[in-house]
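First the structure, in the form of structure tokens, and then the observations on it.
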Amino acid sequence: MPYDRFGRHLHYLRISLTDRCNLRCVYCMPEDMTFMPNAALMQDDEILRLVRIFASLGVDKIRLTGGEPTVRPHIVDLVRGIRQTPGIREITMTTNGLLLSRLAKPLAEAGLNRVNVSLDTLHAGKFRRLTRWGDIEDVLDGIRAAEEAGLQPVKLNAVVVRGYNEEDVVEMARLTLAHPWQVRFIEMMPFAGATEFQRMMLVTAEEMKARIEAALGALEPVDGGRLDGEARLFRLPGARGQVGFIASVSQPFCAACTRLRLASDGHLRLCLLREDEADILTPLRAGATDEELRRLIAAAAWRKPWGHGLAEGEAPQDRTMSQIGG
Ligand code: SAM
Ligand code: SF4
């Protein structure tokens with residue numbers, strides 16, 4: 001399986017379960033976002049069939065995302081179904097954590113391995129400004145529930161936005177002194193809908209790192225500074241956890257990319273930041289056999305673009321982050 005024409009082994013599939021969300025983060029979607037009708041989304045049986053086909057091609061790692069994956073009905077059953085698929089060795093989820101206090105335990109019991117919880121600040125007011133209406137206490141409860149349920153190590157994702165939370169990187173990094181968490185700081189990427197805002201309010205990983213080091217001391221590279229997925233990892237002196245930087249804009253890691261993305265409407269997105277996609281759901285609904293779908297997927301994977309074009313000023317204008325699945 002899917003190898004692309006550059007020899008990258010595409011064994012990691014991110015599935016957007018829905019474009020819907022119970023928040024409206026300023027860097028992700030407009031407040032008056034219009035969502036797709038339910039019938040346009042992949043249904044549970046369609047997702048499970050596609051997971052089987054991807055697994056038969058060599059995909060062994062699945063991340064469930066969205067939109068907000070926990071607002072999808074039957075999410076626990078879906079995780080259980082994916083867990084039962086031969087060949088899948090790891091299932092993770094990226095979530096805003098709002099519903100985790102209720103769902104962490106059943107999700108862990110159904111076979112979810114870990115969660116990445118998005119949390120950009122530790123201040124209730126700033127959290128509300130970034131998410132437009134979220135209550136930070138719900139997320140903190142969710143993180144506790146995830147730990148108790150054994151969804152460890154918990155990873156926190158923080159998108160850093162100038163004028164909103166660039167100073168908070170210090171407090172967020174400080175969390176790793178007491179907790180065995182991985183706190184990952186993400187450079188904001190441009191998408192349709194908010195491209196100008198996303199470009200203007202970008203804070204680079206270099207600036208985040210300098211802020212953290214000025215306040216908390218030198219960050220020691222973990223594993224010789226090699227990439228761990230998309231993050232470069234560091235450790236503060238004496239820390240239990242790790243600090244990571246995802247510098248998609250200023251230091252792209254396209255050469256090491258092993259992912260494919262299935263958008264919630266069943267389009268296979270070959271690169272987060274490129275518009276090229278292959279519609280898999282329409283042929284599936286038209287009666288394509290597993291073998292036909294397998295060939296369609298392998299052919300699309302083969303043409304995965306080498307990398308994104310942010311440095312050349314290109315940004316995808318066809319979808320928001322929430323539709324593709326971050
Ligand atoms: N709703 C879930 C959540 O927020 O974790 C999952 C979907 S969200 C689109 C996935 C990740 O993308 C989150 O960590 C979010 O912070 C990040 N994200 C959203 N918009 C982004 C942007 N413009 N640039 C970089 N990361 C972004
Ligand atoms: Fe929702 Fe996640 Fe996008 Fe925030 S980042 S609006 S929580 S999908």
Side-chain angles (χ1 to χ4, degrees), residues 14-36 63-72 75 92-100 103 107 114-121 127-136 138-139 142-143 146 151 154-162 164-165 168 172 182-205 208 229-231 244-250 252-253 259 261-264 269 272-273 308 310 315-317 319-326:
R14 297 166 83 109
I15 306 176
S16 173
L17 294 182
T18 174
D19 59 334
R20 285 166 198 275
C21 188
N22 42 7
L23 294 178
R24 296 286 184 280
C25 301
V26 290
Y27 46 74
C28 182
M29 59 168 94
E31 189 162 10
D32 59 352
M33 182 76 185
T34 314
F35 297 110
M36 283 187 256
R63 174 171 296 277
L64 302 175
T65 178
E68 176 47 40
T70 58
V71 303
R72 174 138 183 153
I75 177 70
T92 57
M93 180 184 280
T94 303
T95 169
N96 61 29
L98 289 187
L99 300 177
L100 271 187
L103 283 173
L107 284 172
R114 274 186 296 102
V115 281
N116 287 28
V117 180
S118 298
L119 179 63
D120 307 322
T121 173
F127 182 79
R128 175 149 299 143
R129 187 165 171 245
L130 276 155
T131 60
R132 293 207 178 91
W133 59 65
D135 182 346
I136 196 169
D138 293 335
V139 184
I143 294 170
L151 297 172
V154 169
K155 296 186 183 179
L156 300 185
N157 285 356
V159 177
V160 184
V161 188
R162 191 165 313 284
Y164 285 76
N165 65 338
D168 300 39
M172 298 282 301
Q182 199 181 93
V183 177
R184 297 139 44 102
F185 298 104
I186 304 176
E187 287 181 350
M188 184 163 51
M189 293 176 279
F191 289 92
T195 318
E196 269 326 290
F197 172 83
Q198 287 154 332
R199 284 219 170 95
M200 281 171 55
M201 302 304 187
L202 170 74
V203 180
T204 63
M208 304 173 201
E230 67 266 69
F245 297 97
I246 302 180
S248 324
V249 181
S250 68
F253 38 84
R259 304 137 204 228
R261 293 184 150 83
L262 204 46
S264 48
R269 179 96 169 182
L272 178 63
L273 294 157
H308 64 64
L310 295 184
Q317 294 302 316
R319 292 181 187 261
T320 61
M321 178 72 148
S322 58
Q323 290 167 336
I324 306 165

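A quick note: this is a predicted structure, and the numbers were derived from the prediction, not measured. Indexing begins at 1, ligand by ligand and atom by atom, following the structure's order.
- Neither the backbone nor the side chain of Asn116 comes within contact range of ligand 1; no heavy atom lies under 4.0 Å.
- The main-chain N or O of Tyr27 is found under 3.5 Å from a side-chain atom of Gln198 such that the two form a donor-acceptor pair.
- The side-chain heavy atoms of Met29 and Phe35, taken from C-beta on, include a pair separated by under 4.5 Å.
- Under 4.0 angstrom from ligand 1, the non-hydrogen atoms of Thr65 all belong to its side chain.
- If you number the atoms of ligand 1 from 1 as listed, the ones under 4.0 Å from a heavy atom of Gln198 come out as 23 (N).
- In terms of modelled atom types and a separation under 3.5 Å, the side chain of Arg20 and the main chain of Leu17 share no donor-acceptor contact.
- Annotation: side chain of Arg162 is not in contact with side chain of Met188 (no heavy-atom distance under 4.5 Å).
- Ile75 places a side-chain heavy atom less than 4.5 Å from the side chain of Leu107.
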Can you list the steps and then say if Arg63 with Thr94 is a side chain to side chain donor-acceptor pair (under 3.5 Å)?
CA-CA 7 Å; Arg63 174 171 296 277; Thr94 303; 2.9 Å; yes
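- The side-chain contact (heavy atoms from CB on, under 4.5 Å) search around Ser264 returns Ser16, Asp19, Met36, Leu41, not counting sequence neighbours.
- Residues Tyr164 and Asp120 have side chains not in contact (no heavy-atom distance under 4.5 Å, counting atoms from C-beta outward).
- The closest protein non-hydrogen atom to atom 16 (O) of ligand 1 is Val159 CG2, 3.2 Å.
- Contacts between Glu187 and ligand 1, counted as non-hydrogen atom pairs separated by less than 4.0 Å, involve the backbone only.
- Between Asn22 and Trp133 the shortest heavy-atom distance is O-NE1, 2.7 Å.
- Of all atoms in ligand 1, listed by their number and element, those nearer than 4.0 Å to a heavy atom of Cys28 are 19 (C), 20 (N).
- Residue-to-ligand polar distances place Glu68 within reach of ligand 1: an N/O pair is separated by less than 3.5 Å.
- Which parts of ligand 1 touch Met188 is read off a 4.0 Å heavy-atom cut-off, strictly below it: atoms 23 (N), 24 (N), 25 (C).
- Pairing each heavy atom of Glu187 with each of Ala205, the nearest pair is OE2-N, 2.7 Å.
- For atom 24 (N) of ligand 1, the nearest non-hydrogen atom of the protein is Met189 N, 2.8 Å.
- Closest to atom 11 (C) of ligand 1 among all protein heavy atoms lies Thr94 CG2, 4.2 Å.
- Smallest separation of non-hydrogen atoms from Val154 and Ala146: CG2-CB, 4.3 Å.
- Within ligand 1, the atoms closer than 4.0 Å to a non-hydrogen atom of Asn96 are 2 (C), 3 (C), 5 (O), numbered from 1 in the order shown.
- Scanning all heavy atoms of the two residues, the minimum distance from Val203 to Met208 falls at O-CE, 3.2 Å.
- The number of protein N/O/S atoms found under 2.8 Å from atom 3 (Fe) of ligand 2 is 1.
- Across all their heavy atoms, Met172 and Leu119 have their closest contact at CE-O, 3.1 Å.
- For the pair Thr65/Arg261, no side-chain contact is recorded, criterion being any heavy-atom separation below 4.5 Å from C-beta on.
- At the shortest separation from atom 13 (C) of ligand 1 among protein heavy atoms lies Ser118 OG, 3.2 Å.
- Contact between Met29 and ligand 1 is absent, with no heavy atom of the residue lying under 4.0 Å from the ligand.
- Between Phe191 and Arg319 there is no side-chain heavy-atom pair separated by less than 4.5 Å.
- Using a non-hydrogen distance threshold of 4.0 Å, Gly67 registers as a contact of ligand 1.
- With hydrogens left out, the protein atom closest to atom 18 (N) of ligand 1 is Met321 CE, 3.6 Å, a heavy atom.
- Using a 4.0 Å cut-off to heavy atoms of Asn157, the atoms of ligand 1 that qualify are 14 (O).
- Closest to atom 8 (S) of ligand 1, if we only count protein heavy atoms, is Gly66 O, 4.3 Å.
- Nearest protein heavy-atom neighbour of atom 21 (C) of ligand 1: Tyr27 CD1, 3.7 Å.
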